[in-house]
> 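Structure below; questions to follow.
Start at 1 and go down the list; that is how both ligands and their atoms are numbered. Every value quoted in this text rests on a predicted model; they were computed, and no experiment measured them.
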Amino acid sequence: MAKINQNYSKLPGSYLFAEIGRKVVQYKAEHPNSGVISLGIGDVTRPLAPSVIAALHKATDEMADSATFRGYAPYEGYEFLRTAIAEGDYKSRGTDISPDEIFVSDGAKSDTGNIGDIFDLSCVVAVCDPVYPVYIDSNAMSGRAGDFRDVWDRIVYMPSVSENGFSPSLPDGHVDLIYLCLPNNPTGTTLNRRELKVWVDYACEHGAVILFDAAYEAFITEEDVPHSVFEIDGAKRCAIEFRSFSKTAGFTGLRCGYTVIPRELEIDGVSIHSLWMRRQSTKFNGTAYIVQRAAEAVFSESGRREIGESIAYYLENAGIIRRGLADCGFEVFGGINAPYIWLKTPGGVSSWEFFDRLLSSAEIVGTPGSGFGPSGEGYFRLTAFGSRENTIEALNRIKTRLSF
Ligand SMILES: *Cc1c(COP(=O)(O)O)cnc(C)c1O
């Protein structure tokens with residue numbers, strides 16, 4: 001008889017967005033004339049840039065002609081895109097990453113979820129808390145997280161809260177794999193060069209590997225915030241970096257990301273780059289040609305300009321939310337180097353109670369911080385991915401209708 005992977009039975013239900021959806025449906029049913037605004041989703045809303053669309057059309061036409069048709073793409077991505085990434089995302093910022101250290105994929109969720117395949121099940125995993133749920137759940141599925149009782153008993157949670165300025169302390173005990181998401185989802189906060197250096201030094205010294213998710217790199221506005229972990233000395237010996245075109249260039253529906261594994265990264269003399277190549281060539285058959293051409297267009301002069309305008313639009317929304325909330329007396333974080341605003345719920349109300357009050361009094365949907373981990377309790381996430389009009393209207397409602 002077949003048996004299921006029992007690790008899946010240990011997973012708590014993916015309660016967060018289902019529960020939000022259920023509450024919103026119920027509210028709308030009870031208030032048919034409501035004008036609910038969602039600042040809850042972590043998805044972009046602006047269309048793809050004209051340069052990206054033009055590249056998609058052109059590549060699609062190539063696929064219609066036997067002379068230019070392409071079948072399977074290389075497992076690690078086309079040279080044209082890996083070169084564009086190495087130049088546009090690294091060399092332009094003074095970081096030396098070679099095209100053959102880059103693996104193109106269908107997105108950072110797959111890569112951050114799959115990277116555990118190449119590490120031993122005995123590795124101890126550390127995550128910032130609150131955190132993007134993929135890191136913990138993917139480790140739970142493979143049996144590396146232990147058992148779940150409120151928290152996973154083999155995961156080391158590193159609280160990232162206002163009291164420590166969202167700069168978590170190094171773990172007390174030994175850890176092997178450290179997930180860092182910077183700028184962070186959900187808190188919208190990040191670390192400066194000096195703070196990140198502490199983690200790189202720790203990993204190099206303890207033989208740990210940093211799994212660095214830089215999905216929001218393009219939103220960084222402050223000078224002292226590193227765009228890549230590889231800006232920090234020593235990182236090439238202890239870090240893997242994940243990037244995505246999803247939030248950067250609106251590719252959430254098109255699907256493209258990439259992972260950087262430096263040649264220097266070895267464990268016990270084994271090249272991590274070779275292991276990942278072996279893994280990808282077995283379980284992954286490449287990213288669509290037309291999508292890779294679309295991603296290449298992101299690095300063209302016009303692509304860069306158009307994408308910069310979209311990011312500026314979202315960041316202006318973030319500023320409207322941040323300033324609006326601060327004017328109302330909220331304690332707010334993030335929103336400067338990220339499209340997320342993280343607020344402390346007033347008067348010590350729980351994240352879910354704040355959700356209910358925001359929905360019933362202002363008809364605004366956000367995301368309860370407790371859904372991202374135990375240290376998210378007492379916080380709430382709003383996103384800057386809405387339209388300008390809705391963002392302004394939402395803040396007006398918070399000012400006029402909400403009282404604590
Ligand atoms: C949105 C997001 C990603 C991107 O995932 P894709 O699969 O590339 O769309 C990765 N990491 C974090 C933290 C995210 O919020």
> Applying a heavy-atom cut-off of 4.0 Å, say which part of A215 lies close to ligand 1: side chain, backbone, both or neither.
side chain

> In this structure, which one of M277, R82, R279 forms a side chain to side chain contact (heavy atoms under 4.5 Å, CB included) with F103?
M277

> Considering only heavy atoms of G107, which atoms of ligand 1 have at least one such atom less than 4.0 Å away?
7 (O), 8 (O)

> Aromatic contact between F166 and F333, with the criterion being ring centroids under 6.0 Å apart: yes or no?
yes

> For atom 14 (C) of ligand 1, what's the nearest protein heavy-atom neighbour? Residue, atom name and distance, please.
K247 NZ, 3.3 Å

> To check your reading of the model: name the closest protein heavy atom to atom 5 (O) of ligand 1, its residue, and the distance in Å.
K109 N, 3.6 Å

> Could you list which atoms of ligand 1 come closer than 4.0 Å to a heavy atom of C181?
13 (C)

> Any ion pair linking E306 and R304 (charged N to carboxylate O, less than 4.0 Å)?
no

> Does this structure show an ion pair linking K344 with E163, if we count only N-O contacts that are shorter than 4.0 Å?
yes

> Answer with yes or no whether G42 contacts ligand 1, where contact means a heavy atom under 4.0 Å from a ligand atom.
no

> Using a 3.5 Å cut-off on N or O atoms only, is C256 in polar contact with ligand 1?
no

> Among all the protein's non-hydrogen atoms, which is closest to atom 9 (O) of ligand 1, and how far away is it?
S246 OG, 2.6 Å

> Do any N/O atoms on Y340 end up under 3.5 angstrom from N/O atoms on ligand 1?
no

> Inspect the contact between K91 and D96 and indicate whether a charged nitrogen and a carboxylate oxygen are less than 4.0 angstrom apart.
no

> Any heavy atom of Y216 closer to ligand 1 than 4.0 angstrom?
yes

> Should Y135 be counted as touching ligand 1, given the test is an N or O pair under 3.5 Å?
no

> With a 6.0 Å cut-off on ring centres, are F212 and F242 close enough?
no

> Tell me the closest heavy-atom pair linking R293 and A55, and the distance in Å.
O-CB, 3.6 Å

> What protein heavy atom sits nearest atom 7 (O) of ligand 1, and how far away is it?
R255 NH2, 2.6 Å

> Which residue from V44, D213, L254 reaches closest to atom 11 (N) of ligand 1 through any of its heavy atoms?
D213

> Would L265 and R237 count as a side-chain contact (heavy atoms from CB on, under 4.5 Å) here? Give the steps.
CA-CA 5 Å; L265 180 58; R237 283 181 283 116; 5.7 Å; no

> Check D327 with R323, please: is the shortest side-chain N to carboxylate O separation under 4.0 Å?
no

